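Since we're looking at a predicted model, the values are computed, not measured.
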There are 2 protein chains.
Amino acid sequence: MPTRDVFSVIADPTRRQILDLLCQREMGVGELVETLGLAQPNVSKHLRTLGEADLVHVRIDGPRRHYRLRPDRLRELEEWLAPYRRMWADRLDALERHLDQLDETDHEED
Amino acid sequence: MPTRDVFSVIADPTRRQILDLLCQREMGVGELVETLGLAQPNVSKHLRTLGEADLVHVRIDGPRRHYRLRPDRLRELEEWLAPYRRMWADRLDALERHLDQLDETDHEED
DNA sequence: AGGGAATATGCCTGTCAAGGAATATGATTG
DNA sequence: CAATCATATTCCTTGACAGGCATATTCCCT
């Protein structure tokens, strides 16, 4: 059971970047540091955070640690999206946007 | 052009709750205040934030404002998820978890 | 055992966002 | 125009978190 909320964990852009990288292949910390151009302690801290959300898994290989993506938890996001996905399934967005614009010309609003 | 990042906006649980409510039907601020049990200024602030991310649309009806869900921006999330969704499409998660457990018995890790 | 490489942890500081309370805005009715 | 209702905005305080830096840990090699 993860000790951290997936939503808040992926709210950070750097963390999303890390996930995107790990989506391709498993990577070591050094590799990530080089690719991201961040300080090593920072990368380690982000990896820890990702681990606390069960978004990554560590494979220990001697002194190095290889991080692998663990996509399971992202299904939570997927599930959360489900009800909303239905909304753009039957509703034509172009029409929707058009109606919104009409509304907005009536009275300026967000 | 939204002035705010969808990821960080939906990181807040209260905001997700609001979205879930608006998923059913359009709602006025008073209704939301009652349902959520939060202070009105707070609800207004969250609605503003949601608006800045283009996640809601306001319909003005006299002195009241009715908020409607605008699902477009959630497609961004959907798109971001796409590459990861492929990972659990072909990979059997039960097997994956099983392998992870084997790894974890070798060396305790996150 | 000692030294060095790879990675993690702790501390500090600045920033940002949430919640609460008070107040301001805007529209409606008389 | 005064009163009132619905909603928004401001100010304040507090807590969380990212980044930078220094340091600790763990493992390998000889």
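Closest approach of B:Pro83 and B:Glu79 over heavy atoms only: CD-O, 3.5 Å. The two atoms that bring B:Phe7 and A:Ala11 nearest to each other are O-CB, 4.0 Å, heavy atoms only. Here the shortest heavy-atom pairing between A:Leu38 and A:Val33 reads O-CG1, 3.3 Å.
For the OP1/OP2 pair of C:dA8 and a distance below 4.0 Å, the side-chain nitrogens and oxygens of A:Arg48 include no atom meeting the criterion. When the side-chain nitrogen and oxygen atoms of B:His46 are compared with OP1 and OP2 of C:dG19, one or more of them lie within a distance under 4.0 Å. Considering only side-chain N and O atoms, B:Tyr67 lies nowhere under 4.0 angstrom from the phosphate OP1 or OP2 of D:dA6. Dashed line: the shortest gap from a side-chain N or O of A:Asn42 to OP1 or OP2 of D:dA18 is not under 4.0 Å.
Between the CD1 atom of A:Ile60 and the P atom of D:dT25 there is a distance of 17 Å, given to the nearest Å. Between the CD atom of A:Gln40 and the C1' atom of C:dG10 there is a distance of 14 Å, given to the nearest Å. For B:Leu50 and D:dT7, the CG to P distance is 16 Å, given to the nearest whole Å. For the pair A:Lys45 NZ and D:dA24 P, the interatomic distance rounds to 16 Å; values are reported in whole Å. The distance between atom CG of B:Leu36 and atom P of D:dT7, rounded to the nearest whole Å, is 13 Å. Look at CG on B:Asp5: it is 11 Å from P on C:dA17, rounded to the nearest Å. Rounded to an integer number of Å, the gap from B:Ile10 CD1 to C:dA18 P is 13 Å. If you take CD1 of B:Ile18 and C1' of C:dA18, they are 12 Å apart, rounded to a whole angstrom.
Put simply, CG on B:Leu32 and CG on B:Asn42 are 12.5 Å apart, with the number rounded to the nearest 0.5 Å.
An angle of 20°, rounded to 10°, separates the two end axes of the helix from C:dA1-D:dT30 to C:dG30-D:dC1, each defined over five pairs.
Counting only heavy atoms from C-beta on, B:Arg4 has its side chain closest to C:dA17 among C:dG26, C:dA17, D:dT7. The side chain of B:Arg64 lies closest to D:dA6 when the candidates are C:dA6, D:dA6, D:dG19. Of the candidate nucleotides C:dT7, D:dC27, D:dC21, D:dC27 has the atom lying nearest to any side-chain atom of A:Pro63.
The number of heavy atoms from other shown groups lying within 6.0 Å of CZ (B:Arg64) does not exceed 12. At most 12 heavy atoms of other shown residues, nucleotides or ligands fall within 6.0 angstrom of atom CD in B:Glu34.
Residue A:Leu50 is tested with A:Leu69, A:Val6, A:Asp12, A:Ile18 for a side chain to side chain contact (heavy atoms under 4.5 Å, CB included); the sole match is A:Ile18.
Contacts of A:Thr14 with the nucleic acid, taken as non-hydrogen atoms under 4.0 Å apart, involve only primed sugar atoms and P, OP1 or OP2.
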